[in-house]
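Indexing begins at 1, ligand by ligand and atom by atom, following the structure's order. Throughout, residue positions are numbered sequentially from 1 according to the sequence presented. Below, all heavy atoms of this structure are taken into account, side chains as well, without hydrogens, waters or symmetry copies.
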Amino acid sequence: MEIVIRPTPADVALTAADIVADHVTRGPAVLGLATGSTPLATYSELIRRHTEHGLSFADCVSFNLDEYVGLPKDHPESYREVIRREFTSHIDIPDAKVEGPDGTASDLAAEGARYEAAIDAAGGVDVQLLGIGTDGHIGFNEPGSSLASLTRIKTLTTQTREDNARFFSSIDEVPIHVLTQGLGTISRAKHLLLLATGAGKAEAIEAAVEGPVAAFCPASVLQLHPHVTVVIDDAAASRLR
Ligand code: F6R
């Protein structure tokens, strides 16, 4: 595991964009995309490189990490819509190549299996962007998730619903259930790129990289992976020894 500590969130975004752009230029790349606030600056930087320097994503395929269950596909906070709005609609990746689990599927277990098969059929994810929850979750694998889990329905903790309430008008609107790639799914990506910024993530980062590998900190599964880059700012690194 390589840990890169950069002074500010803007520096984190530049380093992360360098890593993703490297995969894209070596392409065709299968990108694993995360939502949440952390990767937004990285997406903006990649959009800038596309617009100003011609970085092309035309041969890429992308897979979202997770999705809320029950939000209509065109709901502004559905992750399908967030990824389009914040990233993929501004680059040249074909819309049909931007995939995500379908949180409106009537059979969610079957949808999980379909999504696993779609990732496999694309040859697996080359680089998976990850944020980390304050409770150590990656994707929406909350504490207690099996380290070998595949795409499936999960129940969000109150902590995560509170953390995400800022995107909705009240916590009551935050869905309770999600479809998320499992820790086993994420671990099959060839390169994991975990980003974290701010003091609020310092404890989770400490547990993920210096704590034991254990289901109570789902991100600790990264310690078992052969190719992980953790890019964090000084504040998120503040509890590392
Ligand atoms: C998002 C996701 C989550 C977030 C995490 C951190 O697709 O899977 O694991 O990465 O909740 O969110 P932010 O970046 O908003 O702090």
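Checked against the 6.0 Å centroid criterion, the rings of His191 and His23 qualify as a close aromatic pair.
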Using a 3.5 Å cut-off and no angle test, enumerate the donor-acceptor pairs between side-chain atoms of residues 132-143 and protein atoms at least two apart in sequence or in another chain.
| unit_1 | atom_1 | unit_2 | atom_2 | d |
| --- | --- | --- | --- | --- |
| Thr134 | OG1 | Asp163 | OD2 | 2.9 |
| Asp135 | OD1 | His137 | N | 3.1 |
| Asp135 | OD1 | His137 | ND1 | 2.8 |
| Asp135 | OD2 | Thr160 | OG1 | 3.4 |
| His137 | ND1 | Glu142 | OE1 | 3.1 |
| His137 | ND1 | Thr160 | OG1 | 3.3 |
| Asn141 | OD1 | Arg152 | NH1 | 2.9 |
| Asn141 | OD1 | Arg152 | NH2 | 2.9 |
| Asn141 | ND2 | Ile138 | O | 2.9 |
| Asn141 | ND2 | Gln181 | O | 2.8 |
| Glu142 | OE1 | Thr160 | OG1 | 3.2 |
| Glu142 | OE2 | Thr157 | N | 3.1 |
| Glu142 | OE2 | Thr157 | OG1 | 3.2 |
| Glu142 | OE2 | Thr160 | OG1 | 2.7 |

Would you tabulate the side-chain donor-acceptor contacts of residues 8-15 under 3.5 Å, counting partners in other chains and residues two or more places apart, or write 'none'?
| unit_1 | atom_1 | unit_2 | atom_2 | d |
| --- | --- | --- | --- | --- |
| Thr8 | OG1 | Ala10 | N | 3.3 |
| Thr8 | OG1 | Asp11 | N | 3.2 |
| Thr8 | OG1 | Asp11 | OD2 | 2.8 |
| Asp11 | OD2 | Thr8 | N | 3.2 |
| Thr15 | OG1 | Arg6 | NE | 2.7 |
| Thr15 | OG1 | Asp11 | O | 3.2 |

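Minimum interatomic distance between His75 and Phe168 (heavy atoms only, all atoms of both residues): CE1-CE2, 4.1 Å.
Under the salt bridge (Lys or Arg N to Asp or Glu O under 4.0 Å) criterion, Glu116 pairs with Arg188, not counting sequence neighbours.
Between Arg49 and Asp18 there is a salt bridge, since at least one side-chain N of the basic residue sits less than 4.0 Å from a carboxylate O of the acidic one.
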Contacts table for ligand 1: protein N or O within a distance under 3.5 Å of ligand N or O, distances only.
| unit_1 | atom_1 | unit_2 | atom_2 | d |
| --- | --- | --- | --- | --- |
| ligand 1 | 7 (O) | Thr35 | N | 2.9 |
| ligand 1 | 7 (O) | Thr35 | OG1 | 2.7 |
| ligand 1 | 7 (O) | Asp66 | OD1 | 2.8 |
| ligand 1 | 7 (O) | Asp66 | OD2 | 3.4 |
| ligand 1 | 8 (O) | Asp66 | OD2 | 2.5 |
| ligand 1 | 8 (O) | Gly139 | O | 3.3 |
| ligand 1 | 9 (O) | Gly139 | N | 3.4 |
| ligand 1 | 9 (O) | Gly139 | O | 2.6 |
| ligand 1 | 11 (O) | His137 | NE2 | 2.7 |
| ligand 1 | 14 (O) | Ser37 | N | 3.3 |
| ligand 1 | 14 (O) | Thr38 | N | 2.9 |
| ligand 1 | 14 (O) | Thr38 | OG1 | 2.4 |
| ligand 1 | 15 (O) | Ser37 | N | 2.8 |
| ligand 1 | 15 (O) | Arg166 | NH2 | 2.8 |
| ligand 1 | 16 (O) | Lys201 | NZ | 2.6 |

